[in-house]
Every structure is written in C-alpha cells, then in structure tokens.
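All residue numbers refer to positions in the sequence shown, counting from 1. Whatever order the structure lists ligands and atoms in, that order sets their numbers, starting from 1.
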Amino acid sequence: MDQIRVRGGRPLRGTIPISGAKNAALPLMAASLLSGKPVKLTNVPDLADIASMTSLLRQHGVRIDRDGGDMAMDAARIDSTVAPYDLVRKMRASVLVLGPLVARFGQAQVSLPGGCAIGNRPVDLHLKGLTDLGAEVNIEAGYIEAKAPGGRLRGGRVTFPFVSVGATENLMMAAALAEGESVLINAAREPEISDLAKLLTAMGAEIEGAGTDTIHIQGKPELGGAEHKVVADRIETGTYAMAVAIAGGDVVLTDTDLVLIDAAAETLRRAGVTLETVEGGIRVARGEDRVLGVDMMTEPYPGFPTDLQAQFMSLMTVSQGASMITETIFENRFMHVPELSRMGANITVHHASAMVRGVETLKGAQVMATDLRASVSLVLAGLAAEGETVINRIYHLDRGYQDLVGKLSACGADVGRVASERAAAEE
Ligand SMILES: CC(=O)N[C@H]1[C@@H](OP(=O)(O)OP(=O)(O)OC[C@H]2O[C@@H](n3ccc(=O)[nH]c3=O)[C@H](O)[C@@H]2O)O[C@H](CO)[C@@H](O)[C@@H]1O
Ligand SMILES: C=C(OP(=O)(O)O)C(=O)O
C-alpha cells in the first residue's frame, strides 16, 4: 500500500487551489437520477468517492462522460433501480440514490450502507422521512426496499429529531418529484444543501428556505436538465488553512470563500492565525509564534465542522497551552489520537472530549491512517514534526483530497507519496 512521507519544519508559501466539494458533488450526481434530461456539473473534484458514485450511477444505467472537472450525466434510460451491496459498501453516500430512485421510478432497492470507522451511522432518518412522503419501506436481506404506492410519492411534513445532512439531501430530492408540498423541519443548513437546492431549482424544482432549518418544496411531475458549478470544498479549505497554521508561512487559498468556513476561521483567529479575504481567495498566515490553545466543539453547520476536528486537534498538539476538543456528531471520531500520541502529542480522551496539552514539538514516526480526516490530520502533524513521518494506509486520503501531495509540495512542503512496491521494499 502507498505511503506518504513528510519531513517537517518548512513553512508553506504560495497558493493552493481549492477543488469542488466532494460532499456537494456526491448528492449533485445522485440528483441526475431525477430527470430524463442531461445534467452537467463543472468543478467536479477528481476523487475516489466520485469514481465510486460514477460506478454506481452507471450501474443504474446513467450515461456519464467526464472531461477534467466537467461531468455530463444522462439518466434518460435507467436499467436498474437496485443499488447493490458491492458498490454501496465502498461509500456511505451511495444511499443518496434512494430518494431520487423511488421518487422517479416509484420503487428502489438500495443496500444498507453499514457502519464505518467513525461511527455506527444509521440511516433511520432517511427511511422515516420517506415514509412521511408516503413510501412503504422494508428491510430485506440487508437491502432497503422502498415503494411509492401508486408509483408517486406525496408531499408531506418531515420533522428531523436531529440534524442530518444526508437525510435532508435525500428528502429534498425525493420531495422535488412528489405530489404536492413537502416541508422539512430541523433540516441541515450546510452549504452543500444550498448547492443541491441550486441545482434542483435549475432543473425546475420549487424550493424555498434551503440554508435555513425549514425547507419548503413544491413537487413537480418531472424535472428538466441543467448545468451547475460545484461549490468549493469548505473542508479542503479548512484543512489547508490548518496546514498553514501548523507549519507556519503565508498562503493564498484560491477558488474558495471565507464565508464557507466562518466558525473554523473564527476559532483559528482566536488561536492567533491570520485569515482574510483577498482577491481570488483567502490569505492564511502565521508567523514565528506558536498558536494558542483554544477550546472547540463540533456542531452542525454553521458550527465548527466535525470533518475538521482531527486537523484542528493536530494543530492544538503544538499549541501554547491546552485545548478541550469535544466531538458531538460521531461517537468514534478520535482514532487519530493514538497515532498523534505516537508522535509525542499529549492527549487525554474522556468520552466525547479530548484534552490536548500543547507540546513544543512533535517527533516524526510511523503512523496509520484510519479514516479520511484522521489521515490528513497525520500529514498536518508531520508538517510540524522533527524528522520524518511515514503515514500508512493513505488510500483513505484519495477519497477526499485531490492531489494533496502536489498542492503541499508546491508551497514548499517536503512531502512525497511512495508507491507500494518501494514502500514494501524499504520496510
Ligand atoms: C457525503 C457527506 O456529505 N458526508 C458528510 C455528511 O455525512 P452524513 O450525511 O452521513 O452525516 P449526518 O449529518 O447524516 O450525520 C449526523 C449524525 O446523525 C446520525 N444519523 C444520521 C442519519 C440517520 O438516519 N440517523 C442517524 O442517527 C449520524 O450517525 C451522525 O451521528 O455529514 C457529516 C456531518 O457533517 C459529515 O461528517 C460527512 O462528511
Ligand atoms: C465522513 C466523511 O465522509 P463520508 O460521509 O462520505 O464518510 C468526510 O468527508 O469526512
């Protein structure tokens, strides 16, 4: 398996282009199933998860042509409304085909995605929401079987007991083709929700309130084609901001917007990092002084995102002072802690909180990536560590970071990817 090797101690200087958001592109791709007319996306990132969604949609019969960041999708003819286990198990976001399939074809069978390293991650809210829109939902042999009696969902009131990004997206897509009005209450407010609403609206849907906690959707008998640019990846933006914060230096993150990372930016400012809007993007800078320890709690948007928690923890390991980090979204999202500890970090975990006492410097070590954001947090730690850090199992990174090594190297980081054969030979 490939490895990433980082030698720390070099400040970052230059520009880093931010790609389109994985977590926006995945539901946008699923939305192509809602229409028999072509849907074109631009600014689609080149990631393993996008390849997984492409395979899944092709298996349903969607024609997909990709040229760089441009992706043309045509779901005029669908061969199958079954999303099989082998494709779904690779990526939890596969469950996002459920709403569109049942809304357009009156039925779907989608493998249950199962848990993953960061938590149990049930899909009960997705299923409950679909029943609120009139679907009959059963679980058979590991598959969700959903049917719309009479072939069409009907508008309804869906109240989420707590905020779920994926359930909000699935229900928005389902409601867009349901008969009558639907209201989603306690909906997620993430920028990816607003981005999906933009595409659905361009396809002819009538949606009000996306980006707030109450979304009204007037269902249409059919939707048309559209073209849409994927919003910038706020998690990639925040990750590189934290890379600059931990390595020091002065970098402009281009093709992105500070408003997407408000909560994270505020937290970083309190730690002593400069973040400001400049022409073309966001300038991030940190001088000689170590960052300050700052407490942080993850929350649904507009709070501090759970997908930046691991990266922020890496930063706090080398802060002056201490930081209490509380994870409120996923029950098992501290798997980077033992790996950071191998590099000399001082972290104590108690239930959902981690007390991080800053140390002057980390030391390079062999570490193991356990999930996407944990993996990148180890690369960030490596940027600040003395000597070499070797990160194993980096295939997780390919799910969510396009050309991580290239983007960091271009700013002066000493980081490289070692192909599996060489890594094995050197072990
Ligand atoms: C592809 C994508 O966009 N992934 C993001 C999405 O995941 P995802 O959409 O899966 O996350 P959710 O917002 O649904 O999950 C939030 C919490 O709700 C729980 N839950 C969710 C649905 C459900 O039916 N029942 C239930 O109990 C989850 O286990 C979790 O504890 O939002 C997460 C929270 O911001 C991010 O970390 C993920 O990167
Ligand atoms: C948890 C993540 O993604 P997913 O929901 O696709 O597992 C993530 O992007 O950090």
Taking non-hydrogen atoms only, is R121 closer than 4.0 angstrom to ligand 2 via side chain, backbone, both or neither? side chain
Any salt bridge linking E222 with R104? Criterion: basic side-chain nitrogen under 4.0 Å from a carboxylate oxygen. no
Counting C-beta onward and ignoring hydrogens, is there a side-chain heavy-atom pair between V273 and V244 closer than 4.5 Å? no
Short question: side chain of N138, backbone of E145 - any donor-acceptor pair under 3.5 Å? no
For atom 7 (O) of ligand 1, find the nearest protein heavy atom and state the residue, atom name and distance (0.1 Å precision). R121 NH2, 3.3 Å
Mind checking whether E190 has an N or O less than 3.5 Å away from an N or O of ligand 1? no
Are more than 12 heavy atoms, taken from residues, nucleotides or ligands other than M355, located less than 6.0 Å from that residue's CE atom? yes
Can you tell me which portion of E331 lies within the under-4.0 Å heavy-atom range of ligand 1? Options are side chain, backbone, both, or neither. neither
Could you identify the single nearest non-hydrogen protein atom to atom 24 (O) of ligand 1 and state the distance to 0.1 Å? L125 N, 2.7 Å
Would you say V379 and L408 make side-chain contact, with heavy atoms under 4.5 Å? yes
Looking at K128 and D132, is there a salt bridge between them, counting it only when a charged N and a carboxylate O are closer than 4.0 Å? yes
For M91, is the nearest heavy atom under 4.0 Å from an atom of ligand 1? no
Compute the centroid of each ring, for Y143 and then for Y85, and state whether the two points are separated by less than 6.0 Å. no
Heavy-atom nearest neighbour in the protein, as seen from atom 34 (C) of ligand 1, with distance rounded to 0.1 Å: T306 CG2, 3.9 Å
In plain terms, say whether D371 and R393 are close enough for a salt bridge, that is, a side-chain N and a carboxylate O under 4.0 Å apart. no
Can you pull out the closest protein heavy atom to atom 28 (C) of ligand 1? Residue, atom name and distance to 0.1 Å, please. F330 CE2, 4.0 Å
Is the contact between R333 and ligand 2 made by the side chain, the backbone, both, or neither, using heavy atoms and a 4.0 Å cut-off? side chain
Should you measure from each heavy atom of R333, which atoms of ligand 1 turn up under 4.0 Å away? 37 (O)
Are the charged groups of K407 and E236 less than 4.0 angstrom apart, N to O? yes
Taking the basic N atoms (NZ, or NE/NH1/NH2) and the acidic carboxylate oxygens, is any pair closer than 4.0 Å for R283 and E276? yes
Measure the CD1-CG distance between I207 and L199 for me, rounded to the nearest 0.5 Å. 9.0 Å
To which protein heavy atom is atom 3 (O) of ligand 2 closest, and what is the distance rounded to 0.1 Å? K22 NZ, 3.0 Å
Quick test: of every protein heavy atom, which one is nearest to atom 14 (O) of ligand 1, and how far off is it to 0.1 Å? S164 OG, 2.6 Å
Going by distance only, is there an N or O of D124 that falls short of 3.5 Å from an N or O of ligand 1? yes
Considering P122, A167, G166, C116 one by one, which has a heavy atom nearer to atom 22 (C) of ligand 1 than any of the others? P122
Atom 38 (C) of ligand 1: nearest protein contact (heavy atom, Å): D307 OD2, 3.5 Å
Please write down residue, atom name and distance for the protein heavy atom closest to atom 4 (P) of ligand 2. R399 NH2, 3.3 Å
Between S164 and H126, the two heavy atoms sitting closest are OG-NE2, 4.2 Å
Quick test of your reading of the model: are D255 and K229 salt-bridged, counting only N-O distances below 4.0 Å? no
Give the numbers and elements of all ligand 1 atoms closer than 4.0 Å to a heavy atom of H126. 24 (O)
Which part of D371 is near ligand 2, with near meaning a heavy atom under 4.0 Å away: side chain, backbone, both or neither? neither
Under 4.0 Å from any heavy atom of V123, which atoms of ligand 1 are there? 23 (C), 24 (O)
Geometric N/O contact I329 with ligand 1, under 3.5 angstrom: yes
Residue R373 vicinity, atoms of ligand 2 by number, heavy atom under 4.0 Å: 8 (C), 9 (O), 10 (O)
Under 4.0 Å from a heavy atom of I118: which atoms of ligand 2 are those, numbered in the order shown and with their elements? 1 (C)
Quick one: nearest non-hydrogen protein atom to atom 18 (O) of ligand 1, plus distance? F162 CE1, 3.3 Å
Ignoring hydrogens and angles, state whether a donor on the side chain of T256 or T237 is under 3.5 Å from an acceptor on the partner side chain. yes
Nearest to atom 13 (O) of ligand 1, what protein heavy atom do you find, and at what distance? V165 N, 2.8 Å
